[in-house]
Asks: 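Structure in structure tokens, see below.
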Protein chains: 2
Amino acid sequence: MAISFAEENYLKIIFRLSESTKEDISTNAIAELTQNKAASVTDMLRKMSEKGWVNYQKYQGVRLSSLGEKLALDIVRKHRLWEVFLVKKMGFNWDEVHEIAEQLEHIESEELIDKLDAFLDYPRSDPHGDPIPNKDGILPQLGYVSLANMPIGKAGNLVGVAQDSAVFLQLLTKLNLRLGATLEIIEINAFDLSVSLRIDNNPPVLISHEVAKNVLVKR
Amino acid sequence: MAISFAEENYLKIIFRLSESTKEDISTNAIAELTQNKAASVTDMLRKMSEKGWVNYQKYQGVRLSSLGEKLALDIVRKHRLWEVFLVKKMGFNWDEVHEIAEQLEHIESEELIDKLDAFLDYPRSDPHGDPIPNKDGILPQLGYVSLANMPIGKAGNLVGVAQDSAVFLQLLTKLNLRLGATLEIIEINAFDLSVSLRIDNNPPVLISHEVAKNVLVKR
DNA sequence: TAATATTTTTAGGTAAGTCTAAAAATTATT
DNA sequence: AATAATTTTTAGACTTACCTAAAAATATTA
Ligand SMILES: [Mn+2]
Ligand SMILES: [Mn+2]
Ligand SMILES: [Mn+2]
Ligand SMILES: [Mn+2]
């Protein structure tokens, strides 16, 4: 039996939640991202647990098993490679590709993905700066930090984003925050943690903490 | 409500059956191609009829409505464009692409398909010689006939095939029957309708009527 | 044209994946 | 530690897309 779209989406979302915490992942967190109700998530977790993709204890949250993580990395690999294809070969903007990649990531053909990888010249990161796992599920170490954690006065380059919703990416574009831009934090306002930021030697502009958190920088 | 994979497959299959006959399409014919049981087909025909995609009378077979035909042509367009992509850009052989295109044809993004069309330089036919509908569902007239209907002694070029199963395409490759090859019928054997065929000025070889029927030739 | 064979539909079920409402477990607050 | 709030699970339903078995309609043959 092949893995279903629903199952692949759950795997991918649990993986994403696991990246930002070492705690067990809660039913509600998954429900929010899958856009399902908590009851449906419980159902699916039970099934995935039976298949050996997750370690799940009632009321105690869930973690991917090593098999589940391998499966998730494979989906992430496909998603990110397709995003590169859409931007580099099809001429989409970086804020237009996520939804289409959500569909393309479910195409089942190892041979196709390997050929696509070669066709794109083995990219290490997707249009949002996210690392692309290789065939064996190894993520390249790109070595970046959140802009919100950068020390004041040190310059770095924008290498990625921590989310790829269209509204966020469009805001970045409006703010002139493009992949590769040189960023220097001038000041952090204690009141709302908003950041005064110099972009490419232009006069400083103000961005919210929310934006800063989601911008990734390499020094 | 978006159209489901199952619905898209039914539309495509009814369309394919309609191409070769002006009769109404039978439940059993659809069942065979969808690999479902006749009872399931009846179920789906009722649903599709309610949606206005087909004209269906119990026991009398089914035809696509003009809306249904438009939807089917859109799926066929996607299928064939993806096949071109897989062969021309990804380096697959013509006998390897059908199954992958069966998946890719369900990707929903008009913008993607238009960009893909441009990226491929607006091909008029797919790797099997089948015409690719344009955005408006118009099929280009490629003007070919079945090799089985070619007169003896007249030469023509192989421009397509009437089916794209992998076994058939592999046999063609083995027989040296490639897209573009020059073909001349030397003799038709009355006993089994097998055809003695000259390919590109080589010594004649024998092919079955079954093969000849499925090879398309332009004079 | 009557009997027989074939095709198609109906009736009743199943599995996947979702939902709502209610119950149970866990966590936070007094 | 008892109570309240929150989270999670269970119970029971629904929809889609299938299935098998039996009934009904149509087509074929004698
Ligand atoms: Mn994405
Ligand atoms: Mn991305
Ligand atoms: Mn095909
Ligand atoms: Mn084809």
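Order of the sequence lines sets the chain letters (A, B, ...), proteins ahead of strands, with each chain counted from 1.
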Asks: For a quick test of reading the model: is some side-chain N or O of B/Asn28 closer than 4.0 Å to OP1 or OP2 of C/dT8?
Replies: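 For C/dT8, OP1/OP2 do have a side-chain N/O of B/Asn28 under 4.0 Å.
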Asks: From CD of A/Glu50 over to C1' of C/dA16, roughly how many Å is that when rounded to an integer?
Replies: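 Between C1' of C/dA16 and CD of A/Glu50: 13 Å.
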Asks: Just how far, in rounded Å, is C1' of C/dG17 from NZ of A/Lys51?
Replies: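 The distance from NZ of A/Lys51 to C1' of C/dG17 comes to 12 Å, rounded to the nearest Å.
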Asks: Under 3.5 Å, is there a donor-acceptor pair linking the side chains of B/Asp192 and B/Ser194?
Replies: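 Per modelled atom types, B/Asp192 and B/Ser194 side chains form a pair under 3.5 Å.
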Asks: Parallel, tilted or perpendicular for B/Trp82 and A/Phe85, by the 30°/60° rule?
Replies: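 Rings of B/Trp82 and A/Phe85: tilted, as their planes differ by 30° to 60°.
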Asks: Tell me the interatomic distance from A/Tyr59, atom OH, to C/dT26, atom P, rounded to whole angstroms.
Replies: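 Rounding to the nearest Å, OH of A/Tyr59 and P of C/dT26 are 7 Å apart.
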Asks: Could you check if a side-chain atom of B/Ile107 sits within less than 4.5 angstrom of a side-chain atom of A/Ile107, using non-hydrogen atoms only?
Replies: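 Yes; the side chains approach each other to less than 4.5 Å.
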Asks: Does A/Thr27 reach a base, just sugar-phosphate, or nothing at all? Heavy atoms under 4.0 Å.
Replies: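 Sugar-phosphate contact only - A/Thr27 comes under 4.0 Å of backbone atoms but never of a base.
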Asks: Select from A/Tyr10 and B/Ala29 the residue whose nearest nucleotide in DNA chain C is closer to the 5' end of that strand.
Replies: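 Upstream on the strand: B/Ala29.
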Asks: For A/Glu32 and D/dT8, give me the distance from atom CD to atom C1', rounded to whole Å.
Replies: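 A/Glu32 atom CD is separated from D/dT8 atom C1' by 16 Å.
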Asks: Does a nitrogen or oxygen in the side chain of A/Lys47 sit under 4.0 Å from OP1 or OP2 of C/dA16?
Replies: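 Checking A/Lys47 against C/dA16: no side-chain N or O falls below 4.0 Å of OP1 or OP2.
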Asks: Using the salt bridge (charged side-chain N to carboxylate O under 4.0 Å, His left out) rule, pick out the option among A/Glu105, A/Glu19, A/Glu69, A/Glu7 that qualifies with A/Lys12.
Replies: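 Among A/Glu105, A/Glu19, A/Glu69, A/Glu7, the one that satisfies the salt bridge (charged side-chain N to carboxylate O under 4.0 Å, His left out) with A/Lys12 is A/Glu105.
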Asks: Are the side chains of A/Asn93 and A/Thr173 in contact, using a 4.5 Å heavy-atom criterion?
Replies: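 No, side chains not in contact.
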Asks: Given D/dT10, D/dA17, D/dT8, which nucleotide is nearest the side-chain atoms of A/Lys58?
Replies: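 Among the listed nucleotides, the one closest to the side chain of A/Lys58 is D/dT10.
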Asks: Measure from CZ on B/Arg46 to C1' on D/dA17 and round the result to the nearest Å.
Replies: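 The distance from CZ of B/Arg46 to C1' of D/dA17 comes to 12 Å, rounded to the nearest Å.
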Asks: Would you please test A/Arg46 and A/Glu50 for salt bridge (Lys or Arg N to Asp or Glu O under 4.0 Å) and show each step?
Replies: CA-CA 6 Å; A/Arg46 201 183 33 65; A/Glu50 266 162 31; 3.6 Å; yes
Asks: Report the distance from atom CD of A/Gln57 to atom C1' of D/dT7, rounded to the nearest whole Å.
Replies: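 Roughly 17 Å, once rounded to whole Å.
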Asks: Please check the phosphate of C/dT9 (OP1 and OP2 only) for any side-chain N or O of B/Tyr56 closer than 4.0 Å.
Replies: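 Yes, within the criterion.
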Asks: Which listed nucleotide (D/dA17, C/dT26, D/dT9) is nearest to the side chain of A/Thr42?
Replies: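 Selected nucleotide: D/dT9.
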Asks: May I have the distance from A/Asp43 (atom CG) to C/dT20 (atom C1'), rounded to whole angstrom?
Replies: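 Distance check: A/Asp43 CG to C/dT20 C1' gives 13 Å.
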Asks: Over how many whole Å does the gap from A/Leu11 atom CG to C/dG17 atom P extend?
Replies: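 Result: 12 Å.
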Asks: Let's see if you can work this out: which of C/dT9, D/dC19, D/dT10 has an atom nearest to the side-chain heavy atoms of A/Ala39?
Replies: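 Within the option list, the nearest is D/dT10.
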Asks: Which is true for B/Ala38 with a 4.0 Å heavy-atom rule: it touches a base, it touches only sugar-phosphate, or it touches nothing?
Replies: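 Base, at least one base heavy atom under 4.0 Å.
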Asks: Where the side chain of A/Ser4 is defined as all heavy atoms beyond and including C-beta, which of C/dT9, C/dA24, C/dG17 is the nearest nucleotide?
Replies: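 Looking only at side-chain atoms, A/Ser4 lies closest to C/dG17.
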Asks: Counting side-chain heavy atoms from C-beta on, which of C/dT18, D/dT8, D/dA17 comes nearest to B/Ala6?
Replies: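 Selected nucleotide (nearest to the side chain): D/dA17.
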Asks: Is B/Phe5 touching bases, backbone alone, or none of the nucleic acid, heavy atoms closer than 4.0 Å?
Replies: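 If one applies the 4.0 Å heavy-atom cut-off, B/Phe5 turns out to touch nothing in the nucleic acid.
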Asks: Kindly point out which of D/dC19, C/dG17, D/dA24 is positioned nearest to the side chain of B/Asn36?
Replies: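 Ranking D/dC19, C/dG17, D/dA24 by closest atom to the B/Asn36 side chain puts D/dC19 first.
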Asks: With a cut-off of less than 4.0 Å, is there a side-chain N or O of B/Gln60 near OP1 or OP2 of D/dT26?
Replies: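 True: B/Gln60 side-chain N/O within range (under 4.0 Å) of D/dT26 OP1/OP2.
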Asks: As a test of reading the structure: which of D/dT26, D/dC19, D/dA17 is closest to the side chain of B/Glu7, going by heavy atoms?
Replies: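 Of D/dT26, D/dC19, D/dA17, D/dA17 is nearest to the side chain of B/Glu7.
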